[in-house]
Amino acid sequence: MTRILRAIGARTVDGIWRMGFAARFFAAILMRSGTSFARFQLTIREIFSTGVLSLIIILVSGFFVGLVLGLQGYETLQRYGSSDALGILVALSLVRELGPVVAGLLFASRAGSALTAEIGLMKTTEQLKAMDMMAVDPIARVVAPRFWGGVISMPLLAALFSTMGVFGAWFIGVVFIGVDDGAFWSQMQASVDFRYDIVNGVIKSVVFGFAVALIAVFEGYDSAPTAEGVSRAITRTVVNSALAILALDFVLTSFMFRGNG
Amino acid sequence: MSVSFPSGDTLVDVSSVDFAYDKRPILSGINLRIPRGKLVAIMGGSGCGKTTLLRLIGGQLRPTGGTITVDGQDLTKLARKDMYALRRRVGMLFQFGALFTDLSVFENVAFPLREHTDLPDDMIRDLVLMKLHAVGLRGAHKLMPNELSGGMARRVALARAVALDPMLIMYDEPFAGLDPISLAVVGQLIRKLNDALGASSIMVTHDVHESLEIVDYIYFLSGGKVVAEGTPDEIRASTDPFVKQFVNAETDGPLPFHFPSGSYRDALMEGRP
């Protein structure tokens with residue numbers, strides 16, 4: 001019993017230490033972000049590798065989520081004779097929730113894991129130490145551009161995910177099932193509020209971008225410099241990012257949508 | 001053994017340095033000097049603290065006691081900015097080269113020049129080709145690090161380490177994992193570059209025969225202490241048991257074969273490791 005309690009205590013203390021390190025690491029990234037913007041081509045390169053290279057999975061997933069939403073939404077709405085509201089249902093689901101959350105989860109799996117692996121392997125092969133010995137700060141030169149690349153990519157990917165989702169729902173609902181085209185778009189236009197729905201969705205995706213990018217670069221930088229260490233760090237990135245996204249989503253939703261939307 | 005401390009103007013002075021990871025002591029009471037223009041080897045068995053000492057001299061670790069001065073500056077008191085200013089005049093070759101795997105050979109060597117100078121591209125190109133020519137790899141400038149052999153990677157890393165014409169070059173196990181020809185090539189390059197650049201060099205290695213051919217002075221480390229030192233001739237003639245064991249690669253001597261442990265008899269009798 002004592003051993004179990006001790007193990008729980010040790011894990012808790014370790015977790016708090018790591019959160020403290022992550023907070024200090026975040027502060028260090030912010031303070032050393034000058035290079036990322038003064039030499040913006042460094043950040044653009046990272047936007048390419050985290051954002052552009054994630055496009056396929058985001059677009060395809062968005063389309064399929066839209067198809068499923070269209071089918072499920074139509075199935076329920078037609079029972080109440082309101083299948084014309086399919087556009088509203090799909091758009092609100094995607095813009096408010098599914099777009100930022102699912103895109104965030106996919107982003108963590110595709111780009112976050114790659115970021116962790118890249119930084120972890122640079123650490124394992126002493127590239128970060130070599131850079132530091134060359135008087136080039138690895139946080140400024142390697143970590144910060146990757147962090148900002150992730151932060152900038154995430155809301156753009158979430159927006160594309162939602163767009164593809166709406167298109168997928170239109171495709172299945174209007175083209176295949178026969179929901180009225182004009183009703184689909186006009187009801188969506190009339191009911192989706194820019195400030196209340198879209199801006200809040202964008203805020204969510206920005207927050208998730210910060211969380212996933214920070215977790216990914218921190219886990220890579222903090223990984224044990226061995227093959228096993230990097231592998232564990234990648235797992236932690238995916239798991240912690242998913243938990244962070246879902247927890248933050250609940251917190252943000254409870255602040256943003258207070259029942260009269 | 002008789003000691004002839006290297007004479008001349010001192011570039012690196014390590015004085016009474018102690019270092020411990022957590023509470024586990026790694027180095028204790030280390031004293032050594034690196035004179036300007038000389039190539040000095042720090043030798044010892046695996047795990048004796050050689051690389052730790054190199055990292056202390058490079059300012060990547062802070063000693064728990066004692067002082068380290070490089071070019072008159074006390075590393076223990078330097079702020080980060082001043083440390084970086086000092087490191088711009090120091091080159092380091094890592095054990096396996098530590099080349100940036102996403103950059104070509106050319107861009108690896110150009111990296112310190114692009115980061116620390118405002119030189120125009122054509123001048124950077126000329127400088128990079130000169131450095132690569134010096135290590136015999138000008139023709140490999142387009143290759144990526146994963147296309148290089150171990151010896152070639154080490155030479156590219158050497159070109160990168162001297163890109164800014166440093167006053168001090170540090171080598172961490174430069175001969176590890178090299179075939180005999182690459183080993184001799186890298187050894188000769190280390191000597192030639194030190195002399196051609198007018199630099200000073202510290203080489204951490206356990207390759208005793210190659211080192212005796214090229215270095216000016218040797219410090220032997222064991223158990224976190226300097227246990228012997230001297231010029232290559234003094235080392236060859238030494239009757240010190242540690243030096244003899246190391247130079248002649250003898251299995252029997254003051255360097256223990258076994259990692260410290262309890263009684264073998266007790267371990268067998270009690271069924272515990």
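We name chains A, B, ... by the order of the sequence lines, and we start the count at 1 in each one.
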Write out, in numerical order, the residues from residues 117-136 of chain B with a heavy atom short of 4.5 Å from a heavy atom in chain A. none
Measure from NZ or CZ of B/Arg80 to the centre of the six-membered ring of B/Tyr84 and say whether it is under 6.0 Å with the direction within 45° of the ring axis. yes
Expected contact set for residues 190-200 of chain B against chain A at heavy-atom separation under 4.5 Å reads none
Polar side-chain atom of A/Lys204 near backbone of A/Arg96 as donor-acceptor pair, under 3.5 Å: yes
Classify the angle between the aromatic ring planes of B/Tyr21 and B/Phe19 as parallel (below 30°), tilted (30 to 60°) or perpendicular (above 60°). perpendicular
In terms of heavy-atom proximity below 4.5 Å to chain A, should B/Met170 be classed as side chain, backbone, both, or neither? side chain
List the atom pairs, with distances to 0.1 Å, where a side-chain N or O of residues 15-31 of chain A and a protein N or O form a donor-acceptor pair under 3.5 Å, not counting sequence neighbours.
{"residue": "A/Arg18", "atom": "NH1", "partner": "A/Asp222", "partner atom": "OD2", "Å": "2.5"}
{"residue": "A/Arg18", "atom": "NH2", "partner": "A/Glu219", "partner atom": "OE1", "Å": "2.8"}
{"residue": "A/Arg18", "atom": "NH2", "partner": "A/Glu219", "partner atom": "OE2", "Å": "2.9"}

For the candidates B/Val90, B/Leu164, B/Thr101, which exhibits the highest count of non-hydrogen atom pairs separated by less than 4.5 Å from chain A? B/Thr101
Check: B/Arg62 side chain, B/Thr76 main-chain N or O, donor-acceptor pair, under 3.5 Å: yes
With a 3.5 Å distance limit and no angle check, can you tell me whether A/Glu126 reaches the backbone of B/Phe94 through a side-chain donor-acceptor pair? no
Could you tell me whether a side-chain N or O of B/Glu147 sits under 3.5 Å from a main-chain N or O of B/Met144, the two making a donor and an acceptor? yes
Top contributor to chain B contacts, counting heavy-atom pairs under 4.5 Å, from A/Glu118, A/Arg45, A/Met122: A/Arg45
Do A/Glu228 and A/Thr226 meet the criterion of a side-chain donor-acceptor pair at a distance under 3.5 Å? no
Give a yes or no answer on whether the side chain of B/Tyr219 reaches the backbone of B/Arg33 with a donor-acceptor pair at less than 3.5 Å. yes
Expected contact set for residues 237-247 of chain A against chain B at heavy-atom separation under 4.5 Å reads none
Using the side-chain contact (heavy atoms from CB on, under 4.5 Å) rule, take B/Leu54 and B/Tyr171 through it: C-alpha gap first, then chi angles, then the decisive distance, then the call. CA-CA 8 Å; B/Leu54 203 64; B/Tyr171 301 92; 6.0 Å; no
State whether the side chain of B/Asn108 and the backbone N or O of B/Leu103 hold a donor-acceptor pair below 3.5 Å, judged by distance alone. yes
May I ask you to decide if B/Ala176's main-chain N or O and B/Arg154's side chain share a donor-acceptor pair within less than 3.5 Å? yes
B/Met152 backbone acceptor or donor facing B/Ser149 side chain under 3.5 Å: yes
So, A/Ser162 side chain and A/Ala158 main chain: donor-acceptor pair closer than 3.5 Å or not? yes
Determine the option with the most heavy-atom pairs under 4.5 angstrom with chain A, choosing from B/Arg160, B/Met92, B/His116. B/His116
Taking atom types as modelled, find out whether B/Thr67 and B/Lys77 have a side-chain donor-acceptor pair closer than 3.5 angstrom. no
